[in-house]
Each structure stands twice: as structure tokens, then as C-alpha cells.
Asker: 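A single structure is presented below for examination.
As the structure is a prediction and not an experimental result, all values here were calculated from the model. In what follows, every chain begins at residue 1, and chains take the letters A, B, ... in the order their sequences are listed.
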Protein chains: 2
Amino acid sequence: MAKKKEQVKEKPLSAELRIKEAARKVFTQKGYAAARTRDIAEEAGMNLALLNYYYRSKEKLFELVMLESIKEFFLGLTGILNNPDTGLGEKLELLADSYISMLIREPNFPLFMLSELQANPDKLIELTGTKDFMNKSVFFQQMAAHLKKNKMNFSPMHVVMNMIGLTVFPFIGKPMIKLMSGMKDKEFLQLMEERRKLIPVWMKTMFKIN
Amino acid sequence: MAKKKEQVKEKPLSAELRIKEAARKVFTQKGYAAARTRDIAEEAGMNLALLNYYYRSKEKLFELVMLESIKEFFLGLTGILNNPDTGLGEKLELLADSYISMLIREPNFPLFMLSELQANPDKLIELTGTKDFMNKSVFFQQMAAHLKKNKMNFSPMHVVMNMIGLTVFPFIGKPMIKLMSGMKDKEFLQLMEERRKLIPVWMKTMFKIN
DNA sequence: GTCTATAAAGTGATAGAC
DNA sequence: GTCTATCACTTTATAGAC
């Protein structure tokens, strides 16, 4: 195994990594079925045969890329959710801020993940190994207590769904939103920046936090 | 059964219609790229050749089905949005109620529509002919006035995005939500029924309506 | 490791019998 | 109108030269 830790500079990636990142891009943009291995090879600037040489098959490559992305996504989520030192309001602010940034950086990721998850719901359970981690989170416990104290008799999962919906939906629905409103990309981006601050405010108002 | 004026009986559909409805189901479940014409024929209980006989090609069939669904979707939306005789609160209640019902009936529709819309953003503009109808809607005007009066200095599009996000997202994210929470279908459905009433309440709280 | 050429399998569409 | 058989083309994957 060769050492690679000194590759901090923007050194050209190895063929192996170039393929993986090209795959991430193409899969995320077009989905598994519509993505062709030829597209990926071309995006990586190299030959189709290399893909199979390094990753055996389209499906293996897909699973690898998918698993990496999902893991990173859930890690960011649980990191904020399970901090015992922050309150509900602060957690909402951190979540909105962190995910708006991620979504501006990778706007196609959620639709990709949710589509593939729907196409094959079982695979992800198997891939992630995680299950009902939300119920056990610090955030969930804090929220359950808060709702009870304030006589809001519904599941904390409503809060979670609202938070994700408010944050993620505009990115998933961007083409529809642009169609309905005639907005341009620049204007859309500006609205998303506004939501960084607005979403926590709305959430706190909705659920009487602070 | 004796003759009735209305054909309430489940009369077998013609081959032509059976194919179209089978196509709607398969396209909606798997998306355009992953759907095979053979799947559609099988779902319709008939031969592959009939598909081409009636609809010329996979793409033609897809466009037809897509256009029908989208038209119905936008029609329901504008019907509520453009009623000058209802106020903001009532519109929000009608929207939530109508769309929760639709989503329980066709839970796969939004992800399908949004995925295909992302894969080919231009096609839909061409197919629907509609553009920035939201800005011209009665709802949008009412909301703009309301926001201004209450010193909320942001675009009414935020309200629209929140409303759709709160309503639609749980259905799009169902597999992820089930993964995070360990929920079963029955429990999920119960939460969706609760949201019928909760969403308008949350929206009114968020935007100080009533 | 990387390429070209090609095998092997999948998929949309059609011809032609009935 | 509906079927079977088949064509034409695409796409994944591999063999073999370098």
C-alpha cells in the first residue's frame, strides 16, 4: 500500500479516484439507470475498461459511491443531533446552516439519494447498518420533552419532517419552483441564503421554542 | 347485473387504456430510464408490440402520461390558488387537505415528477405551456399584501416553498424517514393524516395569519 | 495500468402471420 | 387488433495486446 498523505496540494487524482468522483457526479446527476459507464469514463477522461478494472462493475461502483455519500450525510446529521451541550434552538440553527451550505454545494444530492432509496429501499438499510437512530438522538429526547411540556400532542417526528422539508425541499423542487415563479438561478440562490436564517425562526415560532 | 345509467361496474379497460395506465404505474415507480417497455406490457397483461402499435414509442407514451399527470396536478393547484372568495387561511387548509389526499392515493407521483423535471427541465416548460403562473395567482397577491402589512420582508415564494415542502416532503422522503425512525407503514399513514390539520395551523403560526 | 476490439446481454421497435 | 419472432442498436463487461 503506497502512502498518499502528502497529497494536500491539488495534485491530479489517481485514475482510480478520478473514476470514483466522476461516477459520483454522473450518478448524482442522472441516477443509476440513466447513467452509462461510458459517461462516467468520459467524465473521468479515460477509458471505459478502467472502470471495470478498478471497480469490477457498474453496480459495485454505484454502491461504493452511494454508501460514502450516505455515511457522510448521516454523520453530519447525528453530530449535531446528539450534542448534549446545545439546546433545541441552537440545534435548529446549526442544522439549517450546515445543510443549506451542503445543498448549495451539492444541489443534486438529495433527489438522487431519495430516488435511489425509493427504487431500492432495502439496500440502504443493509448498506448503512443504521436503523431508527433518530428516536435515540438527544435532539429527539429534548424535543419530546419540550412538546409535552407545551401541550403539543404529536410525535417529534413531525418536527424532524418539517425541518428537513423546509430545508431540503426547495432544492429538490428547484425546477418546479423556477417553472412556477419564473425565477432565475441567481434569485433562487439568494432566497436559499435567506432561508439559512429564516428556517430556524420559523421552526421556533411553529413549535414555541425560546 | 341489470343496466344502469352509469357504468359503475369495473368494466375491463380497452387494451389502449390498459397500456396507458400500466405505463403510468411503471414510469411513476421506476422513472423513465429504468422502466422497460417489457415491464409496461407485462403490467398491462399483454404484448410488447401493442405498446408500439398504440403509442408509437416509449418516449411518446411517456410524454403523454407525464403531461396528463402534470396538467391534473397544476389544475388542482390553480383552482384553489385563484379563488378570489377565500382568504389565506382557508386556502392553506384546502391545499393541505387536497394534497394530502392526493399524496396518500399516489405517493410516488411527486418524486417521479421532480426527478423527470430535473432530468429534463426544458421539456416540461414546453409540455405545460405554463410559466410563472404562481406570481399572477390570487394567493400570491394576497400573501404579498399580508406579508407587507405584517412587516415580514421576504418573498411570498418562501411561503409557497414552505407549504409544498411541509406537505410533499414526507412522501418523497418516506423511505429515509422510515429508516431514521423505524416506523411502519401504518404509523406513517397516521402521521400523514395528522398533518392534514397540523400543516395549516403551523403555516398560520409561522406567518401570523388570522 | 491502460488501451482497442469484441463478446454477451439487454432493450426498443417492427415485420408478418393470424 | 393481437401475437411471435426477429432485427437493429445500445450498453456492460472482458480478453488480449502493449
Asker: Tell me which nucleotide among D/dT2, C/dG1, D/dA13 gets nearest to the side chain of A/Ser57.
Answerer: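 Minimum distance to the A/Ser57 side chain belongs to D/dA13.
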
Asker: Can you check the A/Asn52 CG to C/dG1 P distance for me, whole Å?
Answerer: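 Taking CG of A/Asn52 and P of C/dG1, I get 15 Å after rounding.
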
Asker: In whole angstroms, how far is the C1' atom of C/dG12 from the CD atom of B/Glu63?
Answerer: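 It is 16 Å, rounded to the nearest whole Å.
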
Asker: Strictly below 4.0 Å, N to O, side chains only: are A/Lys178 and A/Asp185 in salt-bridge contact?
Answerer: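 Salt bridge between A/Lys178 and A/Asp185, a charged N being under 4.0 Å from a carboxylate O: yes.
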
Asker: Determine whether the side chains of B/Gln142 and B/Lys91 contain a donor N or O and an acceptor N or O closer than 3.5 Å.
Answerer: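 Side chains of B/Gln142 and B/Lys91: pair found under 3.5 Å.
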
Asker: Round to a whole Å and report the spacing from NZ of B/Lys58 to C1' of D/dC9.
Answerer: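 One finds 14 Å between C1' of D/dC9 and NZ of B/Lys58, rounded.
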
Asker: Write down the distance between CG (A/Leu51) and P (C/dG1), rounded to a whole number of angstrom.
Answerer: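 Rounded to whole Å, this separation is 15 Å.
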
Asker: Using a 4.0 Å heavy-atom cut-off, does A/Tyr53 contact any base of the nucleic acid, only the sugar-phosphate backbone, or nothing at all?
Answerer: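 Base, at least one base atom sits under 4.0 Å.
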
Asker: So which of residues 42-50 of chain B are in contact with DNA chain C, with a heavy-atom cut-off of under 4.0 Å?
Answerer: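 DNA chain C contact set from residues 42-50 of chain B: B/Leu48, B/Ala49.
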
Asker: How long is the line joining CZ of B/Arg56 and C1' of C/dA15, in whole Å?
Answerer: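 After rounding, the gap between these two atoms is 15 Å.
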
Asker: How would you label the contact of A/Ala34 with the nucleic acid (heavy atoms, under 4.0 Å): base, sugar-phosphate, or nothing?
Answerer: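 If one applies the 4.0 Å heavy-atom cut-off, A/Ala34 turns out to touch nothing in the nucleic acid.
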
Asker: As a test of reading the structure: which of C/dT2, C/dT11, D/dT2 is closest to the side chain of B/Arg36, going by heavy atoms?
Answerer: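 From the listed options, C/dT11 comes nearest.
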
Asker: Can A/Lys58 be said to sit on top of A/Tyr32's aromatic six-ring, NZ or CZ under 6.0 Å from centre and within 45° of the ring axis?
Answerer: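 Yes; both conditions hold, so A/Lys58 lies above the ring face of A/Tyr32.
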
Asker: Hey, do the aromatic rings of B/Phe112 and B/Phe27 have their centres closer than 6.0 Å?
Answerer: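 That pair fails the under 6.0 Å test.
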
Asker: Assess the side chains of B/Asn162 and A/Arg195: does a donor N or O sit below 3.5 Å from an acceptor N or O?
Answerer: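 Their side chains do contain a donor-acceptor pair, which is all the 3.5 Å distance test asks for.
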
Asker: So, are B/Arg196 and B/Glu193 salt-bridged, with charged N and O less than 4.0 Å apart?
Answerer: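 Between B/Glu193 and B/Arg196 there is a salt bridge, with a charged N closer than 4.0 Å to a carboxylate O.
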
Asker: Do A/Lys136 and A/Gln141 pair up side chain to side chain, a donor and an acceptor below 3.5 Å, judged on atom types alone?
Answerer: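 Not at all, the side chains of A/Lys136 and A/Gln141 share no donor-acceptor pair under 3.5 Å.
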
Asker: Report the residue (B/Ala15 or B/Arg38) whose heavy-atom-nearest nucleotide on DNA chain D is the more 5′ of the two.
Answerer: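 In this pair, the answer is B/Ala15.
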
Asker: What is the distance, to the nearest angstrom, from the OH atom on B/Tyr54 to the P atom on C/dA13?
Answerer: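 Atom-to-atom, B/Tyr54 to C/dA13, this comes out as 17 Å.
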
